[in-house]
Student: 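Pasting a structure here, questions to come.
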Amino acid sequence: MRIVVLTGAGISAESGLRTFRAEDGLWEEHRLEDVATPEAYARDPALVHRFYNARRAAAAHAQPNAAHEALAALAERHDLTLVTQNVDDLHERGGARHVIHMHGQVNRALCAACGHRWDAPAEMDSATECPACGSAAARPDIVWFGEMPYHMDEIWAALERADLFAAIGTSGQVYPAAGFVQHARRSGAHCVELNLDRSAVSREFHEHLIGPATRIVPDWAAGL
Ligand code: BV8
């Protein structure tokens, strides 16, 4: 069976990482949409670096949970394409070997001047230099609002051939990820939503499993 799974911040919530909309996406009194944008980085790179340094430290101190581990085990038994909106590395640390980070990774750095990518240091600031071109133009390798998500061709192709599509721990408020269920459904996949409560796109799914990811994901995956 060909499976595509899309995860969001909810799968890392029980590992202690904040979701975006539980506290209505506020961070240091800034809305996420105001901090996670190229304009914010151009206007106040120090603020944006502070935001991601805090997220990078939180991710480093968090541990993967039973839901991350259940998806890694599922990939050993089925043709699983694991797509995540999350920028943490908990899927990898939970044993997943191929993770598509459509919104980038907080542990990677990108040079805004030359496009070079490298493993981010624990803390970055606007003086952090690119190891390739030397410019002080380092940014987190994260897809901000208004930027094109990564690996979209691979994701659309996987959705078109999927027998089963599952969205786990995402509020379905950010596109194009929130539109994946419609694409999978049009391609004939059975669509299931596993979430703590309803999302903005719940009506698009054939099946809903409600509860915390560490409880509902292992049971669901074991039954496949
Ligand atoms: C693009 C990286 C085009 C940053 C992120 C108007 C209408 C439609 C679309 C738009 C519009 N205006 C603008 C747009 C486009 C925009 C968008 O969708 N905006 C929204 C706000 C309307 N999208 C973009 O800009 C995207 N790019 O469209 O490019 C383009 C075209 C051509 C050329 C160039 C460009 C890029 C979007 C990516 C932004 N980056 N992340 C960072 O992480 O710091 S988005 C960020 O929020 C996350 O990555 C994630 O994707 C998103 C939503 O977060 P969720 O993961 O869903 O988390 P959330 O807190 O919302 O929900 C958690 C859920 O878990 C809840 O449902 C909760 O109930 C559940 N939960 C909680 N605890 C548990 C649980 N479930 C289970 N167990 C638990 N224990």
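This chain uses plain numbering: 1 for the first residue, then up along the sequence. Whatever order the structure lists ligands and atoms in, that order sets their numbers, starting from 1.
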Student: Please identify which atoms of ligand 1 are closer than 4.0 Å to at least one heavy atom of A13.
Tutor: 73 (N)

Student: At a 4.0 Å threshold, what atoms of ligand 1 neighbour a non-hydrogen atom of P212?
Tutor: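 Those qualifying, in numeric order: 78 (N).
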
Student: Counting only heavy atoms, tell me which of H101, R18, H103 gets closest to atom 38 (C) of ligand 1.
Tutor: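 That would be H103.
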
Student: Please work out which of G104, G8, G169 has its closest non-hydrogen atom nearest to atom 63 (C) of ligand 1.
Tutor: G169

Student: For L6 and M102, work out which heavy atoms get closest and say how close.
Tutor: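 Heavy-atom minimum between the residues: CD1-SD, 4.2 Å.
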
Student: At the 4.0 Å heavy-atom cut-off, does S199 count as touching ligand 1?
Tutor: no

Student: Using a strict cut-off of 4.0 Å, indicate which atoms of ligand 1 neighbour a heavy atom of R55.
Tutor: 42 (C), 43 (O), 44 (O)

Student: Measure across A138 and M124 and return the closest heavy-atom pair with its distance rounded to 0.1 Å.
Tutor: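 Shortest heavy-atom separation between A138 and M124 comes out as CB-SD, 3.9 Å.
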
Student: Taking S15 for its side chain and Q63 for its backbone only, find out whether a donor-acceptor pair lies under 3.5 Å.
Tutor: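 Answer holds: yes.
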
Student: Relative to the heavy atoms of V174, which atoms of ligand 1 are at a distance of less than 4.0 Å?
Tutor: 18 (O), 37 (C), 47 (O), 52 (C), 53 (C)

Student: Which ligand 1 atoms, with their elements, are less than 4.0 angstrom from a heavy-atom of I142?
Tutor: 2 (C), 4 (C)

Student: Would you mind listing which atoms of ligand 1 come within a distance below 4.0 Å of any non-hydrogen atom of W144?
Tutor: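 That gives atoms 36 (C), 39 (C) of ligand 1.
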
Student: Can you check which of E193, E14, Q85 brings a heavy atom nearest to atom 50 (C) of ligand 1?
Tutor: Q85

Student: Does a salt bridge link R56 with E123, judged by any charged N lying under 4.0 Å from a carboxylate O?
Tutor: no

Student: Can you tell me how far the OG1 atom of T19 sits from the CD1 atom of I11, to the nearest 0.5 Å?
Tutor: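 One finds 13.5 Å between OG1 of T19 and CD1 of I11.
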
Student: Ignoring hydrogens, just give me the one of F51, F145, Y175, F20 whose non-hydrogen atom is nearest atom 26 (C) of ligand 1.
Tutor: Y175

Student: May I ask you to list the atoms of ligand 1 that are less than 4.0 angstrom from any heavy atom of Q173?
Tutor: 20 (C), 22 (C)

Student: Are the side chain of D163 and the backbone N or O of A189 linked by a donor-acceptor pair below 3.5 Å?
Tutor: no

Student: What atoms of ligand 1 come closer than 4.0 angstrom to any heavy atom of Y52?
Tutor: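 Listed by number with element: 4 (C), 42 (C), 44 (O).
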
Student: Can you tell me if A178 contacts ligand 1 (heavy atom of the residue under 4.0 Å from the ligand)?
Tutor: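 A178 does not count as a contact of ligand 1 under the 4.0 Å cut-off.
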
Student: Check each of V106, T37, T19, N195 against atom 68 (C) of ligand 1 and report the one with the nearest heavy atom.
Tutor: N195

Student: Give the minimum heavy-atom separation between C111 and W118, together with the two atoms involved.
Tutor: N-CZ3, 3.6 Å

